[in-house]
Amino acid sequence: MLQNSPKIGHSPHVVTLDVRPQLLDALSALRDSVAAARFPLPLAGAPRARANRDELLAQLDDYLVPRLREPEAPLLAVVGGSTGAGKSTLVNSLVGRRVSEAGVLRPTTRTPVLVCHPEDHHWFSGMRVLPDLTRVWVPHQDAGEDLLLPGEDPARVLRVETADTMPRGLALLDAPDIDSLIADNRVLAAELVCAADIWVMVTTAARYADAVPWHLLRTAKEYDATLVTVLDRVPHQVVSEVSRQYGALLTKAGLGDVPRFTVPELPESAWGSGLLPATAVASLRTWLVHLAQDPAARQQAMARTANGMLDSLKTRLPELAGAAAAQYAAALRLTNAVEGAYDSEHARVRGRLQAGAVLAGDALKRWRAFPLDCSAGELLDALVESLATLLLCAVTAADERIREAWGREPAALAPELTEHEPALESAEDRIGMAVRRWRRELEEYAEEEVRDLDRNVAPDPEVVAVLVTTALLGGRRARSAGEGLAERIGAHGALRLRDRGGRLLTEHLDRVMHTERERRLAPLDALEIHPEPQAELIAALSVLQKER
Amino acid sequence: MTAVTDEDHTGRAEHPEESAKGLPGADGAAKHEPVEREAGVRDKGGHARIVDGATTRRTDSTSAWDDGLIARRATEENTGSEHVPVVETRALSVQPAVPLTYDRPLRSRLDALRELVGLSRTRLDGQTLAEAGRVLDESAARRRLSGQHTVVAIAGATGSGKSQLFNALAGVPISETGVRRPTTATPIACSWSDGAASLIERLGIPPRLRRRPLQNPETEAQLRGLVLVDLPDHDSAAVQHREQVDRVLALVDAVIWVVDPEKYADAILHERYLRPMAGHAEVMFVVLNQTDRLPGEATHQVLDDLRRLLDEDGIALGEYGDPGATVLALSALTGDGVGELREALGQFVAERGAPARRISADLDAAAAELRPLYAARRRTGMSEEARDEFSARLADAVGASAAGEAAERAWLRNANRACGTPWLRLWRWYRDRSEPTTGRVPLPTQTDEEVTARQRVEQAVRTLADRASTGLPAPWAQAVREAAVRGSHGLPEALDELAVRAGLPPGRPPRPGWWPLAVMAQVSMTILQVVGGLWLLGQIIGFMAPNLGVPVLLMAAGIIGGPIVEWSCRMAARGPARRYGTDAERRLREAAAGCGRARVLDPVAAELLRYREVREQYGRVTGVKTGLR
């Protein structure tokens, strides 16, 4: 969609909106950075940020980029409003033919309908605007039947109709309800409204004070879009009063200068039977046609919406950047919690190793019985098992700390983070394997040490291994093990062996803790929350500001 | 005649004849009399008799009423005449209405909820229990107020015609209607009979906004006991309207939702109100207003669509006699269908079940909200295996099995040494001397610090806590974990102490009875060898007569017998040695398990029991009879 087309700016039509290729480049860079921003952590502002991002992306893809690229394309007027406001009836009446289904059951319009002049059809049949909606092209005589191919999502389809009665250079789009019960419809309606050059807001005598349409009006004001409001279905008796009050409300909201059209409630307007008389919508039609065909007016309407959108980026991008920063901060807090927990447990384990905590319980009893009532192998087994327990204990304690710390973080509720359940068995297995490996390597060291000694006085390598293990793990209470070791292989050899074994132990301990920590952090890392999106968004915005 | 401001809350008896209205036992016809008098619709004929009847009745009760009490006027009517004698005491009470009574199941459910809240206070924060507390407060507050009245609110979107319907039901334009949106800004109440002042008070509606309906005998009888409240809209840009609606909706007994053909599918109505209130279907009317704007057949279509939407919201529809929401189509403007609604309302009000049903639905909603805090996902509690495993881990931590093994081997070693042939012992002694000492501490009786493996204890407690709290709702799982951790403080130290106490006494292990015999046999074998040897020696040096057979035999017997005795002793010692070892192990194991039970298992079990108690209480709140695990 976004590759630069060489035709930009060389259109034969009158181009007065100041569009330079640099601006388009800046815009597509900005679009990419918006698309790259993700908000996976369930922070307070995240759903809003996600919605904002999607909306912004839709606006850029559906409206701003295509509009700036091809300013000569027909204007798109999107008719939006609450359910039952008579949008479809209004569109039908403007076209002069039933193009959109109207009816008493709500919501009526489930598939958006775009109406344009036959010669403008090529602008909309392609994927220039609203690229993620499937086009359905139906000859009008079939209208009203089931138009969808099986398996097509009715919410993601755009029906394109042509009518000779439409002026050239203008397309009308009948959007679904902005307050539909069907949530997808609501999203689609917002997306469609955002794709408009001209926002036609339809409300009724019964609705003009509703909160939802007012929200949309305020959004239109915020974006400074070319806006027109239609007060539909006004009973004859109260036309002037309602109209006056609506006008007062609009003025109060700072929208007093918005063109306002009133359509009375006629029996036809009610229920589906069809079209309003041309006189009822004549003024609106004239206004729209004037907008489409008078170059100056057209230019102004288009430029206003486009500039409004560009201006709105100034506030919306920093908002997104702020949300991205919040995500990163939360991710950082989570990471810190994990690292802090593992670091402190690591320190604790080291301290306990030095204190000889491994030589306790079973291992201590066996050590006391060694060598008379206990073999070297048994003692070694007990020691290794005790060491494995110490490490496992540290890992689970760290996990518990993390759970506690994450319990205070709303961000930790992300499904990606909660679904992984740290399988204790596998941690036990991993630690057991690491410890056994350490033992094997230590036994090899002991054998090497013994091999160098004189054959006659050489002690059993297993005894040497168990003595060095005890000396390494037993701390102060295993002093006699060190003495025994020195007696057997000499003070020098004993020192060397203990040194190597100790280094090996530290290495393995570090590796175990590191592996477990990384495993714990893996799901968080998989979310790929980096500080870059924030900076990129701001940078893209400033580039855009410069290019305007 | 326009609506009169209902001033009965003031308690002033300005219109003496009106007091007859509150007279107990007044039959239907008599009840209308003062109304008519005041309304001035006094047509002659049939009505005259009624007036007379009422007058006589009034004179009958004059003595009872002529005591100057002013509070009486507010006492509302009773259903049966047998209540007449009680009136006097009731009249004295400040409370004007017969308080509402809830039926037994609902009462017990409310009691259970109260107890549940009490039990959970220490575990759950106030925010979580706020809704339950609110339900309790509201039920208590509603219970103190009139049970003869049903407060029905009319709610809906702006422009749906709430006020119009309100006026149509009241028969007089009480509530301002208009095209200006939003029209109604504050709730207005209209009471069809007296005694509802305190109810309206509770809704926070000031006296100036309380009205009386058009005095019409027919509707009066039909809607007796009805208090209708017209609410502001819930969907306009005026936020304070929504706040008013939310506040009042929480207090009323029933709601009439007014929708119109234009707005019946609004997301805000369905998502914000109808779906969360789906449990309140029984105290809900959904009325499609403005049918006059729809052409012929369309009304049915829209009504069917409305029913479908309500069904999707999860609201039970009261069709074919099922309990559920009543759905009607009407036009307040033309009066079409209003009669039906009036009839349905009349029946609804006459049943007088709405307040209790509303409270019951509130209770259901509160219970459903609390469900994740009480309901376990699976069977909870500590299994036997978990307990056993915990004990086993503690035993490992004190080294019970290693101690047992060491004791067994030491015993066996001692036995072998004692029963071994002296020559073997000599050899062993020699070997021991030649070898360098091993790492063995020379004094095995030296006491150690921190005998218990801390990490094993910690791990055991953590595993137990995890197992016991699996499947428990978070607060209770936390409680179990805390209990386990609290219990584990000082556990390693206790185990240290215990290992010393329950461990084997230092010194040599005890000897079995046959030991001296074995030693004697070994000695005699040695003596045989020596005697045989000496004999042979004597013969060799010629000191004795040469007789090879006997001494050789003797010596051979000694040489062969010694190892045989040693071997058989070793075989015989196996059993006692094992017994001695297992005994040592068992003593440690039991001591450790006992310590663990007292310090950790019991508190955890107590915490689990507390949870089960709460769970059962919750079961009672939801109305399930059987206790759940």
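Residue numbering restarts at 1 for every chain, and letters A, B, ... go by the order of the sequence lines. Only this structure's heavy atoms are used, side chains among them; waters, hydrogens and symmetry mates stay out.
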Salt-bridge criterion met for Lys263(B) and Asp210(A) (N-O under 4.0 Å):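 Yes.
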Lys/Arg N to Asp/Glu carboxylate O, Asp399(A) vs Arg462(B), below 4.0 Å: no
If I take atom [atom1] from residue [X] and atom [atom2] from residue [Y], how far apart are they, to the nearest 0.5 angstrom?
{"X": "Leu353(A)", "Y": "Gln455(B)", "atom1": "CG", "atom2": "CD", "value": "9.0 Å"}
{"X": "Glu405(B)", "Y": "Glu378(A)", "atom1": "CD", "atom2": "CD", "value": "5.0 Å"}
{"X": "Ser386(A)", "Y": "Arg456(B)", "atom1": "OG", "atom2": "CZ", "value": "5.0 Å"}

Arg479(A), CZ atom: more than 12 neighbouring heavy atoms under 6.0 Å: no
With chain B, which of [options] has the greatest number of heavy-atom pairs at distances under 4.5 Å?
{"options": "Ala397(A), Ala478(A), Ala382(A)", "answer": "Ala397(A)"}
{"options": "Val358(A), Val238(A), Leu390(A)", "answer": "Leu390(A)"}
{"options": "Glu483(A), Glu385(A), Gln237(A)", "answer": "Glu385(A)"}
{"options": "Gly361(A), Pro213(A), Ala471(A), Ala363(A)", "answer": "Gly361(A)"}
{"options": "Cys393(A), Ala205(A), Ala360(A)", "answer": "Cys393(A)"}

Exam field: side chain Arg368(A) to backbone Ala406(B), donor-acceptor pair closer than 3.5 Å: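 No: the side chain of Arg368(A) does not pair with the backbone of Ala406(B).
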Evaluation steps, salt bridge (charged side-chain N to carboxylate O under 4.0 Å, His left out), between Arg481(B) and Glu400(A): CA-CA 11 Å; Arg481(B) 232 172 266 135; Glu400(A) 202 166 75; 5.2 Å; no
Measure [X] against the heavy atoms of chain A and call it side chain, backbone, both or neither at under 4.5 Å.
{"X": "Ala474(B)", "result": "neither"}
{"X": "Leu588(B)", "result": "side chain"}
{"X": "Arg275(B)", "result": "side chain"}

Derivation and outcome, salt bridge (charged side-chain N to carboxylate O under 4.0 Å, His left out), residues Glu585(B) and Lys365(A): CA-CA 12 Å; Glu585(B) 184 182 341; Lys365(A) 289 276 192 295; over 6 Å; no
Contact winner vs chain A - Val239(B), Thr158(B), Asp266(B), heavy-atom pairs under 4.5 Å: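 The residue among Val239(B), Thr158(B), Asp266(B) with the greatest pair count is Asp266(B).
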Pair Gln459(B)-Thr389(A), side-chain donor/acceptor within less than 3.5 Å: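 Short answer, no.
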Part of Arg244(A) within contact of chain B (heavy atom distance under 4.5 Å):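 Neither part.
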Non-hydrogen atoms of [X] and [Y] that approach each other most closely:
{"X": "Arg409(B)", "Y": "Cys374(A)", "answer": "NH1-CA, 3.5 Å"}
{"X": "Ala211(A)", "Y": "Arg242(B)", "answer": "CB-NH1, 4.4 Å"}
{"X": "Gly399(B)", "Y": "Asp362(A)", "answer": "CA-OD1, 2.9 Å"}

